[in-house]
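Taking it in order: structure first as structure tokens, then the write-up.
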Amino acid sequence: VPTPEQERRRALTRQRSTLVKERQRCVVRGHGLMLAQGVQAPEGWWRARDWPALAAQLPEWLRAQVNCWREQALGYDAQVEALTPAMEAQVAGLPSPVGLGALTAAVLEAEIGTWTRFTNRRQPGSYCGLCPSEDSSGSKRRQGAVTKAGNPRLRHVLVEAAWRLAQWQPDYPPLRRLRSAQGQRARKRMIVAVARRLVVDLWRLRTGRCTAERLGLRMNLH
């Protein structure tokens, strides 16, 4: 059962995640309005540096509608920025793998709560829904896609973190199979395997079962 402090930390990370999604929803709707009129807006069209030049190209009626979504996006963005320092403070001084990022580490710590809740290496992957499904009978064993039965927020940030490790820590042992994978489908399957191994290795680190050197991870302090 989460403690009141753990619930507070979890609520903060979930609130920020919700605000990010709402901001993106507004950005996409504004972009869609312009695209329907043949206007290809740049990626950061709603931010102050790009909006004046873009607004000058739009007819008045379209500019008014797009600006409505832009103002909402800016409002959500301000709320996201206000919550970011508090999330980063939650993991201040916590050693984490290079490339993981303070915000990702904050989500992981908040959603896991207590790493000692897991007693073996299979449990972290199962909790995140990153374990393969299984249809076995007798001597036959068939494994399928991941179950996705665990915490969806953890699964999302772990897969993102695995892609970043491919850039920042290419010598991380689980990434060897990813580099040898051929085709998009195979790479997606391999990155899920890397994400599963990553959460297991984080459990080993947080519970003192292994060192970063033995796991092939370079660490830094947030």
Side-chain angles (χ1 to χ4, degrees), residues 13-14 16-21 23-24 27-28 31 42-47 49-50 77 80-81 83-112 115 121 124-132 145-146 148 150-207 209-222:
T13 60
R14 291 183 179 182
R16 186 183 181 280
S17 176
T18 299
L19 292 171
V20 169
K21 290 178 181 179
R23 179 185 65 188
Q24 184 61 20
V27 171
V28 168
H31 185 270
E43 183 177 355
W45 66 266
W46 56 283
R47 298 190 182 277
R49 66 177 182 272
D50 294 325
D77 191 56
V80 169
E81 292 301 318
L83 293 178
T84 299
M87 277 187 61
E88 294 175 339
Q90 290 182 353
V91 292
L94 180 69
S96 292
V98 173
L100 194 64
L103 295 176
T104 298
V107 172
L108 289 172
E109 296 299 321
E111 293 294 334
I112 292 292
W115 289 92
R121 64 181 179 84
S126 178
Y127 182 72
C128 299
L130 291 170
C131 290
V146 292
K148 295 187 178 180
N151 188 309
R153 295 176 180 85
L154 281 172
R155 187 165 57 253
H156 177 74
V157 298
L158 283 166
V159 171
E160 280 193 343
W163 283 116
R164 289 201 301 273
L165 286 185
Q167 177 180 358
W168 290 94
Q169 301 210 50
D171 295 329
Y172 183 44
L175 290 170
R176 294 170 185 165
R177 294 183 64 185
L178 175 65
R179 288 193 292 270
S180 62
Q182 300 294 324
Q184 185 177 7
R185 180 180 175 85
R187 286 178 60 80
K188 286 183 176 180
R189 294 177 63 185
M190 287 300 102
I191 205 64
V192 171
V194 175
R196 180 170 59 248
R197 173 66 180 275
L198 176 60
V199 72
V200 173
D201 286 348
L202 287 172
W203 166 72
R204 288 167 171 158
L205 286 171
R206 297 290 189 257
T207 56
R209 284 175 167 81
C210 197
T211 64
E213 290 76 15
R214 288 185 60 187
L215 296 173
L217 286 169
R218 293 183 290 110
M219 308 292 285
N220 63 8
L221 292 177
H222 292 302

field: Distance in Å, Lys21 NZ paired with Arg16 CZ, rounded so as to fall on 0.5 Å steps
entry: 12.5 Å

query: Has Arg121 got more than 12 heavy atoms of other residues, nucleotides or ligands less than 6.0 Å from its CZ?
result: no

query: Around atom CZ of Arg214, are there more than 12 heavy atoms of other residues, nucleotides or ligands at under 6.0 Å?
result: no

query: Is there a donor in the side chain of Arg153 and an acceptor in the side chain of Thr13, or the other way round, less than 3.5 Å apart?
result: no

task: Mind checking the CG-CZ spacing from Asp77 to Arg47? Nearest 0.5 Å is all I need.
output: 5.0 Å

task: Any salt bridge (Lys or Arg N to Asp or Glu O under 4.0 Å) involving residues 93-108? Give me the pairs, sequence neighbours left out, ordered by first then second residue.
output: none

- prompt: Of the non-hydrogen atoms in Trp46 and Arg23, which two are nearest, and what is the gap between them?
  reply: CH2-CD, 3.7 Å

Sidechain N-carboxylate O distance under 4.0 Å for Asp171, Arg218: no

- request: With sequence neighbours left out, write down each residue that passes salt bridge (Lys or Arg N to Asp or Glu O under 4.0 Å) with Arg204, or none if nothing qualifies.
  value: Asp201

message: With a 4.5 Å cut-off on side-chain heavy atoms, are Leu205 and Met219 touching?
response: yes

task: Determine whether more than 12 heavy atoms belonging to other residues, nucleotides or ligands lie under 6.0 Å from atom CH2 of Trp163.
output: yes

In residues 86-101, what donor-acceptor pairs under 3.5 Å come from side-chain atoms, sequence neighbours left out?
from	atom 1	to	atom 2	distance (Å)
Ser96	OG	Arg206	NH2	3.2
Ser96	OG	His222	NE2	3.2

query: What are the two closest heavy atoms between Arg197 and Pro174, and how far apart are they?
result: CG-CG, 3.2 Å

query: Only one of Met190, Arg185, Gln184 clears side-chain contact (heavy atoms from CB on, under 4.5 Å) with Lys188; which?
result: Gln184

Donor-acceptor under 3.5 Å (Arg196 side chain, Leu130 main chain): yes

- line: The reported gap from CD1 in Ile112 to CG in Leu202 (rounded to nearest 0.5 angstrom) is 8.5 Å

statement: Scanning both residues in full, the closest heavy-atom pair of Ala162 with Ala195 reads CB-N, 4.0 Å

Separation between CG of Leu215 and CZ of Arg209, rounded to the nearest 0.5 Å: 12.5 Å

- line: Shortest non-hydrogen pair, Trp115 vs Val199, comes out as CZ3-O, 3.8 Å

- prompt: Between CD of Glu160 and CG of Leu103, what distance do you get to the nearest 0.5 Å?
  reply: 11.0 Å

- prompt: To the nearest 0.5 Å, how far apart are OG in Ser17 and CD in Glu111?
  reply: 9.0 Å

